[in-house]
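Chain A is the first sequence line, chain B the second, and so forth, proteins listed ahead of strands; every chain is numbered from 1.
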Amino acid sequence: MSLVRSHAEQQNATVYKDYKKDRKVGEGAYAVVYLGTQLSTKRVVAIKKIKIGQFKDGLDMSAIREVKTLQELRHPNVIELMEVYFHKTNLNLVLEYLESDLEMIIKDRSIVFMPGDVKHWMLMTLRGLDHCHRNWILHRDMKPNNLLLGRDGQLKIADFGLARDFGDRGRQLTAQVVTRWYRAPELLFGAREYGYGVDIWAVGCIFAELLLRNPYLPGNSDMDQLDTMFRALGTPTESEWPGMSSLPNYMQIKHYPRTPLRLLFTAAGAETLELLESMLIYDPNRRISAREALLHPYFFGKPRPTPLENLPKHVRETPEAAKLKRKAHVLGALDRMSDDTKRTARVLDFK
Amino acid sequence: MTNTAATTATTAAAAAAPTDSTTVTTANGSVVNATDANVTADAVKEVPTMKQLYEQSTQYNHWRYTQAALDEMRNKVNTEAAANIKANINEERALQGAQGIAAEALPLDLEFLRVDEELALLGFYERKIAPIFKHWKLPPYVVATAVAYMKRFYLENTVVDYHPKDVMLTCMFLARKTENFLMTIEDFCAVPRCDPRAILDLEFLICKNLRFHFTVHHPYRPCLGFFFDMQAVTDSMEKLQRVYEGALRIIDTSLHTDLCFLYQPSQIALAAMRISCKEESYDFEKYAEYKFKANEAAAQKYNEILLPILLAIETVMQTDPRCVVVTKTAATEINRRLKTCQDPARNPISLLYHKRKRQESNGDDDDDDDGDDDKPDKRAKLEDDSSPE
């Protein structure tokens, strides 16, 4: 019996009662992730419980960003936010459950990638991202471990805790976004106005990582990130990237010559490298958009993208995990979730 | 312009507005199925076919009503609240009687607020948002978002149950966050001088009532799009600039009406431009010819679909009493009446309040399944720095 007669309260209670948390699959400073069940449909779901009670300013920005953006996005390649409800002082996000992610697949040395596999993962990533950008939403944390993979092979962009709208004149955005290895050069130079290019740069890094099976630009610090980037792609000049030197945190970095991509990506075809190169253009205004990328010849040439059902799946190989093989599909979430919690320490400037 | 990255953002804004405005012309554009098959050929099919973006928004799918539906909802909430309070007053009387307390403080012949009075009181508080946000130099869309949150909240709640001042403050605090202008609760409360607890206590409830839909589209952006678009056929930029500024003021006023529930932001924006053209004696028809009457079929569509919408919006702007500022005297009077019919179940000194509290704690059996929920809420430690108004 509630003290307050309210339709919204009843609705919230109804939603709450429809979900059962089965077991904890990850815990971080501010969120706990459970594997759960929607009782009315028996559907397996992931429930992200955010402990709002810890925040003195009420609902925190990460939760708001995630809920705000996911409510507006419905696409086969974007994770579905099924429900949101409060329980006690916690906010619960019910998300569709996916077993693994692209990072797990990349690290699984037992899997050999075929060019068609990479092509289909890129296709799904860009379709999902194009949908975000078309809705004027930047993801701002694109990386392999935020690209989840379902049992059916479908790839879905997840973790919208840093996402926000973009595209209006004069709105200042924070440059403190995107995990370092995937961070675009304009962000490293402190740009406060930027666009879809930051996500595309990250996708370019993911593309390279899929081809190399190793992180492409693994800088040790923000400074080292620029050095690593310029070592790999050459130090940009003002003519290559007009306006670069007037960015807030611009600094002159040692001049490295540009090495052609084909020297590193020896197995990749010409169209592959051309698309990769157009995603890793220094000047954000000349960098390819998700939509343009989807129309790139790479996606129309051979090989065809591997059909969903034939895409590599992640199977744990350690002896310890082999014992749990029966439960493999359940455990799939473990790596992702524990990793997900690592970045809870990120500090943001929301001004 | 200090950096090149900025250009991207600027072009994006220009592109955004006309995209939105096209939803006017193709009001019922077919929705393309975005389900992807897994062959590349589908990339070709999917990419050029644009789904009507606005039709995918929570605003379009969950917050559109007819005027009749709005009236019915408000009447229902209003009647239910009055009946509920009457019942609670009777129960409180009975409880007091049982304890031998004279029930003199509980009037029987209450004059409950009518729906139009509730709306007037809301209009009074809605208009307090802009000056406070102006103090922080926040753009108009943040004001509009806070107002929209208030309006959405009060579709299923009444000022009798939740005082608009508290709801207003919470909606403002929430809008700051959802529109990316985060501020600590202490800094926020220093300006309207209020109690942080009152805000934080309501935040959950308001989020629930908003159905966790935080994105609100306003007419400002499509209006900028029309301003750009109309420049293609203008004789006087100076005059058009004044038209645009006038339209923005009309949009400011429209926030206080039900238009946001009845029409799309782009439709309201175009109607505002049209009204402003009249006021500035600027030829709107020239633009309408260029934009909407390129051929006979288009002209017919404009005359049959869009024009009636624009006229309906104009009528609302001319006739809705909520376009007029509510005076402080009127608001004070409504507030006074509101106080006389307070719900004893919400009054912590009433017997009924304590009875319900006891019932609630006895009935609380919905323990969470993980046992780590029971950390004390740190908010309770916040100092009450409010000062009397």
Would A:K119 count as a cation-pi partner of A:F299, with NZ or CZ less than 6.0 Å from the six-membered ring centre and within 45° of the ring normal? no
Is it the backbone or the side chain of B:F173 that comes under 4.5 Å from a heavy atom of chain A, or both, or neither? side chain
Answer with side chain, backbone, both or neither: which region of B:Y141 has an atom nearer than 4.5 Å to a non-hydrogen atom of chain A? side chain
Are the side chains of A:F86 and B:F212 in contact, using a 4.5 Å heavy-atom criterion? yes
Is there a side-chain contact between A:Y196 and A:W136 (heavy atoms, below 4.5 Å)? no
Among the options B:Q59, B:M183, B:E156, pick out the one with the most heavy-atom pairs lying under 4.5 Å from chain A. B:E156
Examine whether an atom of A:Y85 lies under 4.5 Å from a heavy atom of chain B, and if so say whether it belongs to the side chain, the backbone or both; otherwise answer neither. backbone
For A:L91, is it the side chain, the backbone, both or neither that has a heavy atom under 4.5 Å from a heavy atom of chain B? side chain
A:E186 bridged to A:R192 by N-O distance under 4.0 Å: no
When you check the gap from the basic side-chain N to the acidic O, do A:K51 and A:E27 get nearer than 4.0 Å? yes
